[in-house]
Number of protein chains: 4
Amino acid sequence: MANKAAPDSSRRSERSRRAIFDAALALVGEVGYDKLTIEGIASRAGVGKQTIYRWWPSKAAVLLDAFTVDVEDYEQGLPDTGDLAADLKFVLRATADEFNDPAFQAPYRALAVAGANDEELSRTFVGRLLEPGIRVYVERLRAAQEAGEVDAGIDVRVAAEMVLSPFSQRWLMRTGELTYDFVDTLVDQVLRGLRPRD
Amino acid sequence: MANKAAPDSSRRSERSRRAIFDAALALVGEVGYDKLTIEGIASRAGVGKQTIYRWWPSKAAVLLDAFTVDVEDYEQGLPDTGDLAADLKFVLRATADEFNDPAFQAPYRALAVAGANDEELSRTFVGRLLEPGIRVYVERLRAAQEAGEVDAGIDVRVAAEMVLSPFSQRWLMRTGELTYDFVDTLVDQVLRGLRPRD
Amino acid sequence: MANKAAPDSSRRSERSRRAIFDAALALVGEVGYDKLTIEGIASRAGVGKQTIYRWWPSKAAVLLDAFTVDVEDYEQGLPDTGDLAADLKFVLRATADEFNDPAFQAPYRALAVAGANDEELSRTFVGRLLEPGIRVYVERLRAAQEAGEVDAGIDVRVAAEMVLSPFSQRWLMRTGELTYDFVDTLVDQVLRGLRPRD
Amino acid sequence: MANKAAPDSSRRSERSRRAIFDAALALVGEVGYDKLTIEGIASRAGVGKQTIYRWWPSKAAVLLDAFTVDVEDYEQGLPDTGDLAADLKFVLRATADEFNDPAFQAPYRALAVAGANDEELSRTFVGRLLEPGIRVYVERLRAAQEAGEVDAGIDVRVAAEMVLSPFSQRWLMRTGELTYDFVDTLVDQVLRGLRPRD
DNA sequence: GTTTAATCGAGACGGTACGTCAAGTCTTGGC
DNA sequence: GCCAAGACTTGACGTACCGTCTCGATTAAAC
């Protein structure tokens, strides 16, 4: 079933791996995803093309690895000051700043997009980046639910999406700006619906 | 500002235009967006490559035109039976069926995605397809607001996004299934927050 | 049976064709046949690789065409002064000079060699370059035979090879020098055997 | 002058050496010289690439060694029954049979050819395979000369080439068949010229 | 018999060229 | 003047080998 005699990863060159990540991230920022090429990455990294093809199936996969190396930081979860609205606004405002940073936009948007046409890649992208991001919101909401701040009948997963999806949709599709005002309104309107009934 | 001695559209061949749309839509369904080529469209349509380049700047633009020709049907707005929850659920369930249809997925997803990397195209896509879709929801919500069914303090645009974005995000990013259950829960939780305060 | 939709040769670019020939001949002289590459020819000729692949199947075929364009000059046959020995020596000495010219050696040797491993090419090479060269000798010998200068029982084709093959073999395999002495001895010893018997 | 810290041949693996020869000869027969690769030989021989590069400079050199291991058999010289014509015809007919054997053709032709573009290799090839072959003919002719069967004024080296070159040239360049008829005619016509003058 | 250093199988590496595909431009002949 | 057709230059694709390089694991010579 293994379709090509898998390479021996214990002999892999760490130096090349880093150089490829650095080159890929730099280039996607400079020329954009469509004009990002394997040859370009290889040449910028001072690496043979084969070294890329040996370890990754596509430029999207390279970029995904390169990106996740720098991004794994969902470990600590969302802050919990006891004030759910404040906590959500605080984190979303910070995320808005991050999403408005051009250096971050190019690779992330590229991956979102590449995923849409490549189901395999999509699953990795979602599992590695999107789901963990959603999960921390779900957990914060569940905590609030347990604290009685959120109605027991609420589906917290859907609630989390009600906050996150309008946010990322605006950014991805460029249907609107990610302002603090928007973030605040969004959080307020979502939370209105989560409060326990009288 | 005219960048090439614009072609004389009065002499344009309608037969070629249709053939190109048909070929583009057929091909994007068969081979996917990434493997869709101008040469492929031209050859399938029995048309010279130049005829495509004369009238469109990119394969995405061709596809966008091809797609919108068949889709302009937001004219009538959302139903208004007086029961907001029922109306939203009804339309979203129908939309879920549509989005789950493979024939519809390929070109739509391709466009969503192509837009992410091409700001110019993105604006057309959003203006021509996305915004009209959002607007009918905004209008239905405003009607409900005027009828006193929705609190006067609510930002109906954000409310519309709270319904639509989780829905389209799930589909686009494959973060979840578009089931009737999901649609119902989503609508219910959003509407909880919109009700006028006591 | 035609295996690729043959290109339309009436629309062929003569300018590209010449540039390819010039580049191929120049490069084979500079770097040798083994290091001659299609990419090198294309780039030196200012031509796309595809334009070469469209019209020729291999670098050997390009070189063969390039070479024969410049070489078709067997038209006039060998001189016939009535003195067979003198005529043969005269022509072979001139040919020795030619074969000792480095500019001529590279492509000719390359073709001889490429032919050895490619039967198809070999046939063209032999038919286009080698056979015509042999034929003029055969004709000169037949004339001498009719003039009674060569025995009627002699196989002139084999006789021609007795003159030409030692000559070209020495050159091709580097088994000896092509000196005037060698040429003279060779002609004399061959002709000894051709004289009519008493 | 030793250009790399020469390897210690006393520790050389004989088993690997044989395996490499076998693989090289087998492969050149199967895929031809052009498609013969060092990697292919190494993998077929179950040997590391370095083991080949350590002991040979090129695939041609490997093949030359592989070939000469099996071929050293010029020791005994040509037969001398006293009948020069008969002796030459006998040996050349046998050689014709050998050259017409496909198993022999591939490596030999490959080497002849590789030599044309690689002067260093050429010299080894000529010295190790070609010259010894010519020499036995030269010696047989000299014996005949001393026996008074060949004119004293004849250059026996050139005479040997008059027999051998048309033969090998026909084979190498595919300008004609190696039939018994050809061999006989060739020998007869050459010998006509060698007879002592009246 | 043990030590020890070179050779060995294996294969990752930086490269070059392959032969193919498609992009976007340009030219030709037909309507 | 638009059109179908397709040759052109360009540039990237993914593959095949090159020749160099490291990595344990033999393995045969020197101790």
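Every chain is numbered from 1, with letters handed out A, B, ... down the list of sequences. Values below: all heavy atoms of this structure, side chains included; hydrogens, waters and symmetry mates excluded.
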Rounded to the Å, how far apart are C/D34 CG and F/dC18 P? 13 Å

D/R44 bridged to D/E39 by N-O distance under 4.0 Å: no

How close or far is atom C1' of F/dA7 from atom CZ of C/R15, stated in whole angstroms? 14 Å

Does A/R12 make a cation-pi contact with A/W55, if we ask for NZ or CZ under 6.0 Å from the ring centre and within 45° of the axis? yes

More than 12 heavy atoms from other groups under 6.0 Å of CD on C/E120: no

Give the rounded distance in Å between these two atoms: CH2 of B/W56 and P of E/dG24. 15 Å

In B/S/- notation, 5' to 3', how is nucleotides 8-14 of chain F contacted by protein heavy atoms closer than 4.0 Å? BBB-BBB

Nearest-Å distance, CZ (D/R18) to C1' (E/dC8)? 19 Å

Report the distance from atom CG of D/L63 to atom OG1 of D/T68, rounding to the nearest 0.5 Å. 9.5 Å

Which residue is it: C/R128, C/R18, C/K59? I am looking for the one with a salt bridge (Lys or Arg N to Asp or Glu O under 4.0 Å) to C/D65. C/R128

Starting from C1' on F/dT22, measure out to CG on A/D8 and report it in whole angstrom. 12 Å

Provide, to the nearest angstrom, the distance between the CD1 atom belonging to D/I20 and the C1' atom belonging to E/dG9. 11 Å

What is the distance, to the nearest angstrom, from the CD1 atom on D/I41 to the P atom on E/dA10? 16 Å

Regarding A/Q105 and A/R109, do their side chains bring together a donor and an acceptor under 3.5 Å, going by distance alone? yes

